[in-house]
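Everything numeric here is computed off the predicted structure, so don't read it as measured data. Letters go in sequence order (proteins before strands), and every chain restarts at 1.
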2 protein chains.
Amino acid sequence: MNPDDRRVLRTRRLLKKALIELTDDKEYEEITIRDITDHADIGYATFFRHYDGKDDLMLEIFTETIDEIESLPVSHGDRYFEQEGYLLFEHVSENQALYRSILDSQNFTRKFRDHTKKMVQLHIEGHIEHVASPSFPVEIAAQHMVSSLIGLIDWWLANDLVFPIERMAMIYERLIIQGTWHAMDAENSLKLPWEGTD
Amino acid sequence: MNPDDRRVLRTRRLLKKALIELTDDKEYEEITIRDITDHADIGYATFFRHYDGKDDLMLEIFTETIDEIESLPVSHGDRYFEQEGYLLFEHVSENQALYRSILDSQNFTRKFRDHTKKMVQLHIEGHIEHVASPSFPVEIAAQHMVSSLIGLIDWWLANDLVFPIERMAMIYERLIIQGTWHAMDAENSLKLPWEGTD
DNA sequence: TCTTATATGATACATAGTATATCATAAACA
DNA sequence: TGTTTATGATATACTATGTATCATATAAGA
């Protein structure tokens with residue numbers, strides 16, 4: 001099977017498109033391979049000439065998405081994280097069906113988290129010397145940031161993008177970046193206002 | 001079908017026990033109903049006399065777990081959140097297979113999050129007057145806390161409970177409670193150490 | 001453009017898992 | 001102890017996955 005053959009490229013493109021589109025109507029787990037091939041107008045048996053199953057097709061969609069995210073043009077400098085957040089949520093808004101389908105499948109939520117975690121962890125480690133005394137390992141901070149980010153994207157999608165991208169970028173920067181950073185430094189001791197009072 | 005009949009109670013108890021135990025060996029999605037009935041030594045057809053399917057069985061396990069969590073004896077007062085965290089992670093360590101099975105299924109991770117979110121949200125709203133100027137809605141703070149908590153539990157389980165419960169309780173209090181609280185108050189302006197420098 | 005190679009569509013088929021119906025038996029209830 | 005009913009075992013229908021085969025359509029290369 002020559003992966004550069006125009007027929008092959010066409011088939012794979014149509015199958016990916018079909019799965020993404022179908023997640024608008026049905027949950028990922030409920031979509032059958034027959035649904036995908038019917039919607040793509042591709043022979044049922046042809047599916048298995050290209051992919052091992054639904055998850056394998058999703059994996060290709062997923063990998064291409066990760067590549068896109070990694071190539072987002074964040075320029076270093078002032079307001080770095082708000083800009084990063086902006087590009088991230090912009091990408092989500094432009095690929096809603098795709099993100100819904102990824103976050104719909106536990107399998108790929110995990111993959112998404114584990115993959116992104118590595119990037120985040122490297123990022124934090126490059127700046128760890130700024131923290132006087134870290135109160136927990138970097139790996140936990142990375143896990144926390146990624147879980148929260150996925151949670152925030154999920155909330156935004158579930159609420160039909162009620163907030164504009166700018167607002168989400170700001171929340172991302174405050175809640176996820178600053179929140180984690182503040183908690184990480186054990187020197188920041190914060191007395192919660194209601195502690196000892198209820 | 002009388003739900004108080006000893007035979008009924010026995011069957012349901014054995015089926016729940018079997019599903020929880022099986023998640024130690026296999027992923028939730030890969031477990032078949034035949035696996036469950038075989039392991040429980042219950043007739044296959046009997047399963048459907050009690051549950052609509054695997055998810056329905058899991059829902060009962062899930063509901064009972066939530067009830068247990070809600071009845072954890074947190075005493076109000078000083079170090080409230082560390083204590084809350086301690087009881088939470090203690091419960092996780094005592095019911096590892098159960099938590100693994102819940103977090104293994106996207107369906108129930110969602111249910112877990114949505115259910116817990118409501119509790120957390122009410123909790124925050126009771127103290128919102130302490131925040132001078134909230135920089136985002138309470139609902140987002142609740143979503144954030146719950147997503148992070150699930151992420152933290154997931155990390156702990158994936159790393160075979162490397163940290164003692166005390167340490168997890170401390171991380172919970174700092175990262176999730178204090179981190180969120182700090183970020184929520186727009187008056188807290190934190191200049192990140194590397195901003196504008198990379 | 002013509003020939004050759006190969007990807008696709010259609011069909012049939014094997015397999016696995018879900019879900020229901022039936023009836024004899026065993027266990028619980030009162 | 002007699003009656004009720006839940007269970008076990010078996011047969012069966014159904015749905016979805018995955019494979020094999022062959023004629024046809026389409027792309028690649030000379």
Legend entry - Nucleic acid footprint by protein, nucleotides 13-20 of chain C - heavy-atom cut-off 4.0 Å, B for base, S for sugar-phosphate alone: ----SBBB
Inset, instruction - Would you confirm whether the ring centroid of Phe81(A) sits within less than 6.0 angstrom of the ring centroid of Trp181(A)? - result: no
Legend entry - Pair of N/O donor and acceptor under 3.5 Å linking dT8(C) base with Arg12(A) side chain: no
Inset, instruction - Please name all residues satisfying side-chain hydrogen bond (donor to acceptor under 3.5 Å, both in side chains) with Ser93(B), sequence neighbours left out, ordered by chain then number. - result: none
Inset, instruction - Verify, without hydrogens or angle tests, whether Asp154(B) (side chain) and Ile150(B) (backbone) share a donor-acceptor contact under 3.5 angstrom. - result: no
Legend entry - Strand-adjacent residues in residues 35-42 of chain B, judged by heavy atoms under 4.0 Å from DNA chain D: Asp41(B), Ile42(B)
Legend entry - Under-4.0 Å side-chain N/O to phosphate OP1/OP2 contact, His50(A) with dT8(C): yes
Legend entry - With sequence neighbours excluded, residues passing side-chain hydrogen bond (donor to acceptor under 3.5 Å, both in side chains) with Glu82(A): Arg79(A)
Legend entry - Spacing between Met1(B) atom CE and dT4(D) atom C1', to the nearest angstrom: 14 Å
Taking distance alone, no hydrogens or angles, what donor-acceptor pairs closer than 3.5 Å link side-chain atoms of residues 36-44 of chain A to residues at least two apart or in another chain?
| from | atom 1 | to | atom 2 | distance (Å) |
| --- | --- | --- | --- | --- |
| Thr37(A) | OG1 | Ile33(A) | O | 3.2 |
| Thr37(A) | OG1 | Arg34(A) | O | 3.1 |

Legend entry - Cation-aromatic face contact Lys54(A)/Tyr28(A), 6.0 Å, 45 degrees: yes
Inset, instruction - Using Watson-Crick or G-U wobble pairs with both distances under 3.5 Å, give me DNA chain D in dot-bracket, 5' to 3', with [ ] for crossers and | for pairs to another strand. - result: ||||||||||||||||||||||||||||||
Inset, instruction - Let me know the distance between CZ of Arg13(B) and P of dT7(D), rounded to the nearest Å. - result: 12 Å
Inset, instruction - With sequence neighbours excluded, tell me which residues meet side-chain hydrogen bond (donor to acceptor under 3.5 Å, both in side chains) with Asp35(B). - result: Lys26(B), Thr32(B)
Inset, instruction - For Thr63(B), enumerate each residue passing the side-chain hydrogen bond (donor to acceptor under 3.5 Å, both in side chains) test, keeping only those at least two apart in sequence or located in another chain. - result: none
Inset, instruction - Return yes if the base of dG18(D) and the side-chain atoms of Arg49(A) contain a donor-acceptor N/O pair under 3.5 Å, otherwise no. - result: no
Legend entry - ring pair (Phe, Tyr, Trp, His ring centres under 6.0 Å) involving Phe89(A) - partner list, sequence neighbours excluded: Trp156(A)
Legend entry - Linked hydrophobic residues, Val8(A) as query - side chain contacts closer than 4.5 Å: Met1(A)
Legend entry - Contact list for residues 114-127 of chain A, test salt bridge (charged side-chain N to carboxylate O under 4.0 Å, His left out), sequence neighbours left out: Lys117(A)-Glu139(A)
Legend entry - Pi-cation contact, Tyr51(A) with Arg12(A) (under 6.0 Å, within 45°): yes
Legend entry - Arg110(B)/Asp104(A) ion pair, N-O < 4.0 Å: yes
Legend entry - Annotated protein contacts, base or backbone, on nucleotides 25-30 of chain D with a non-hydrogen cut-off under 4.0 Å, one of B, S, - each: BBSS--
Legend entry - N/O (side chain, Thr11(A)) to phosphate O (OP1/OP2, dT8(C)) under 4.0 Å: yes
